[in-house]
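Worksheet: the structure to be examined is printed underneath.
Computed over heavy atoms, backbone and side chain alike; hydrogens, waters and symmetry mates excluded.
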There are 4 protein chains.
Amino acid sequence: MLEERGFPETGVDEVSRRAGVSHGTFYTHFESKEALLREVAHTVVGEMLAAILLGPGISSDPYERIYATNRQYLASWRRCSRIIRMVDQMSGAGEEYRQLMIEMREVFVSRGAEGIRKLQDARLADPALNPRLTAVALGAMVEQVAHVWLDLGEEFAEEEVVDHLTRLWAGAIGLKVPSNHSVSE
Amino acid sequence: MLEERGFPETGVDEVSRRAGVSHGTFYTHFESKEALLREVAHTVVGEMLAAILLGPGISSDPYERIYATNRQYLASWRRCSRIIRMVDQMSGAGEEYRQLMIEMREVFVSRGAEGIRKLQDARLADPALNPRLTAVALGAMVEQVAHVWLDLGEEFAEEEVVDHLTRLWAGAIGLKVPSNHSVSE
Amino acid sequence: MLEERGFPETGVDEVSRRAGVSHGTFYTHFESKEALLREVAHTVVGEMLAAILLGPGISSDPYERIYATNRQYLASWRRCSRIIRMVDQMSGAGEEYRQLMIEMREVFVSRGAEGIRKLQDARLADPALNPRLTAVALGAMVEQVAHVWLDLGEEFAEEEVVDHLTRLWAGAIGLKVPSNHSVSE
Amino acid sequence: MLEERGFPETGVDEVSRRAGVSHGTFYTHFESKEALLREVAHTVVGEMLAAILLGPGISSDPYERIYATNRQYLASWRRCSRIIRMVDQMSGAGEEYRQLMIEMREVFVSRGAEGIRKLQDARLADPALNPRLTAVALGAMVEQVAHVWLDLGEEFAEEEVVDHLTRLWAGAIGLKVPSNHSVSE
DNA sequence: TATGAATGAGTCTTCATTCAT
DNA sequence: GATGAATGAAGACTCATTCAT
């Protein structure tokens, strides 16, 4: 319910009530309201990372891999978006949260950068691109599309979203889109 | 200071103190705390829109235009990011703010989609792309890069960021990057 | 509008607005909000007294006189009730208002007592009654009936109310109700 | 202390302080400041009603019964007057309070009217009187005398007040005062 | 360990009053 | 004299936190 009303707007009473305990009991489990967010944040970020890091070598085809990762990411985001964004919001207020966001993003970015670098080495991607900056930008694209699509109600079919994100990503780094990949997957 | 601590965490007292007036005076100017955010939000969104809508026909070269728009956007974002993101945060709580975000995004998205459609008509962009979804995705990329770069402290040179965003955007839609645009420019 | 919302609930702004001046101007006319009530109270009490003291020797028939006075009182009350009751309310808070109520009542009571004494002397009223206490009680009856009837919405015809008050008053002091006074009069 | 300063002038802080708890605790017991008045009002009205409805068949002599009821009423009023009048004051502002007053009065009035009707049927009271209007008027007399005497400081002996109220009431309805009831009783 | 009454700092808001124009 | 922006004390109410049971 943190994800529904935001951290400052969510009261300890409400949290406790939904957990089926008295608000007094809350403090046997968490040192403070902030400690709750800390815990939740770490848990969710962990889940997010785990989800992404799992689906690795489904395929050796670069395009397939990008596609699989994007699909994965969107699925994870659907579950975690509210909390992640809440932590992102808090990053304006507490350095701890800023670090948490940076850490989380770092995993995605470094994986993405590594992948791009390999494609460049294999002459499959534009060698002029800064791998890290490119990974940041394309990761940002996927993340923000997830938000706009899932949270702000842009109406697209999931297939179409994943397909486009992958095409755009591939096109952006100069990876030729294989002719056998159609919009309908 | 709204942008520093977030809306719920910022007290009317603090706003007033920084404005050098008593908290009573606050209510001479704003009907309520919410009215302040409303006013600020509309103002900032207006500025954002104005800034973007200005720089039009700088060039007829599609790549140049994308480049100019990205530069423009980043400059605007630098001034407004905190407020825009605050409104975005609030969009989870109040429909009004959600609408504001949607409206603002709509302007960017529809302009972008229109541009993409024209490029497709001119055979300069991949005709298989859904113009709107593409505009959403690439707009999201620019927006989120601005956030990650400016707010979360990824260290890149501004030139490099603008250059890459433009390359990626161009590549994504299949616009061939003219040879005379280099990363070091 | 004091009479509509009560003294504590009526703001200086509201008073000023209705008077068509700025709230700043209020203080050129009244020293304070309390001064306003003081002034209004004195004025209204004055009107009330004036109204009653006017209609004197309409008739020499005691019953007629009681009747005329009751009718008079009800008419005055209709205009002043809210303010009078407000002052009565305030009498719990400020001695000044208590005095005002006492003064006002004193005029009615002493007139009433005087009338009763005369009737006793003329053997027309029960000589066992304490004139003052009787005047207090019967005055209280009229006053409170006015309130219950006019303010709390008991549904009676005005004629009937005046008639009954007079009958009751007359009967209470042992004044024989002349046979030619009917309820329908 | 509500009774001392009136509802609008009494702060939650003051109530809490006198109750020996913090103002925060107030809201553990009452949902709002208004809820306090509501509760107090209902309680007091209940007490008032209970007190009156108790003393029933002390005697079968009509005069005695009127006397007993008046004494009873005055005693109850002494304890409740301030709160009752506060509710009466509030009846100008909130319909709920107006209803409360009307309900309370209704009990007294209907009982009084019933009594008068019986006396009329028994040829002991003036048959020309409207029982309800008469009950309203005489009830109003008792109520307001209680206020003037107890709250505004008219100096009378309690015995004398009860005695006179009874005489006046009896005389008003044409009930012959038995010779064995003296003023000094 | 669980509870929930109690706490009190803190929040938004109102309003009588002042004062420079 | 009239104005209305500014003031700040005060009000009702919230809520994270504590603690006796």
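- The phosphate of F:dA2 has OP1 or OP2 within less than 4.0 Å of a side-chain N or O from C:His29.
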Discussion item. Pairs counted only when both distances fall under 3.5 Å, Watson-Crick or G-U: show me the 5' to 3' dot-bracket for DNA chain E, [ ] for pseudoknotted crossings and | for other-strand partners.
Written reply: .||||||||||||||||||||
Using atom types as modelled, flag every donor-acceptor pair under 3.5 Å from a side chain in residues 15-22 of chain C to any protein atom, sequence neighbours excluded.
residue: C:Ser16; atom: OG; partner: C:Val12; partner atom: O; Å: 2.7
residue: C:Arg18; atom: NH2; partner: C:Glu4; partner atom: OE1; Å: 3.2
residue: C:Ser22; atom: OG; partner: C:Gly24; partner atom: N; Å: 3.2
residue: C:Ser22; atom: OG; partner: C:Thr25; partner atom: N; Å: 3.3
residue: C:Ser22; atom: OG; partner: C:Thr25; partner atom: OG1; Å: 3.2

Worksheet item: For nucleotides 16-21 of chain F, read 5' to 3', which letter fits each nucleotide if B means a protein heavy atom sits under 4.0 Å from the base, S means only the sugar-phosphate is that close, and - means neither?
Response: SBB---
Worksheet item: Yes or no on side chain to side chain contact (heavy atoms under 4.5 Å, CB included) for A:Arg78 and A:Trp149, after CA distance, side-chain angles and deciding distance?
Response: CA-CA 10 Å; A:Arg78 180 170 254 144; A:Trp149 175 47; 4.0 Å; yes
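- A salt bridge does not link C:Arg105 with D:Glu154: none of the charged nitrogens is closer than 4.0 Å to a carboxylate oxygen.
- In plain terms, the two heavy atoms of B:Ala41 and B:Ile83 that are nearest each other are CA-CG2, 4.5 Å.
- Residues A:Thr28 and C:Glu9 both approach DNA chain E. Their nearest nucleotides, taken by heavy-atom distance, put A:Thr28 toward the 5′ side.
- The CZ atom of C:Arg38 sits 12.5 Å away from atom OG1 of C:Thr43, with the distance rounded to the nearest 0.5 Å.
- Here B:Arg79 pairs with B:Glu47 under the side chain to side chain contact (heavy atoms under 4.5 Å, CB included) rule; sequence neighbours left out.
- For E:dA6, the OP1/OP2 oxygens have no side-chain nitrogen or oxygen of D:Ser22 closer than 4.0 Å.
- Counting only residues at least two apart or in different chains, ring pair (Phe, Tyr, Trp, His ring centres under 6.0 Å) contacts with residues 18-38 of chain C comprise C:Phe26-C:Phe30.
- Separating the CZ atom of A:Arg17 from the P atom of E:dA2 is a distance of 18 Å, rounded to the nearest angstrom.
- Per the geometry, CG belonging to A:Leu36 stands 16 Å off P belonging to F:dC15, to the nearest Å.
- Scanning all heavy atoms of the two residues, the minimum distance from C:His42 to C:Leu100 falls at CE1-CD1, 3.2 Å.
- Considering only side-chain N and O atoms, B:Thr25 lies under 4.0 angstrom from the phosphate OP1 or OP2 of F:dT7.
- Every residue meeting the salt bridge (charged side-chain N to carboxylate O under 4.0 Å, His left out) condition with D:Arg85, not counting sequence neighbours, appears here in chain and number order: C:Asp88.
- The distance between atom CG of B:Leu2 and atom P of E:dC12, rounded to the nearest whole Å, is 11 Å.
- Rounded to whole Å, atom C1' of E:dT14 lies 18 Å from atom CZ of B:Phe30.
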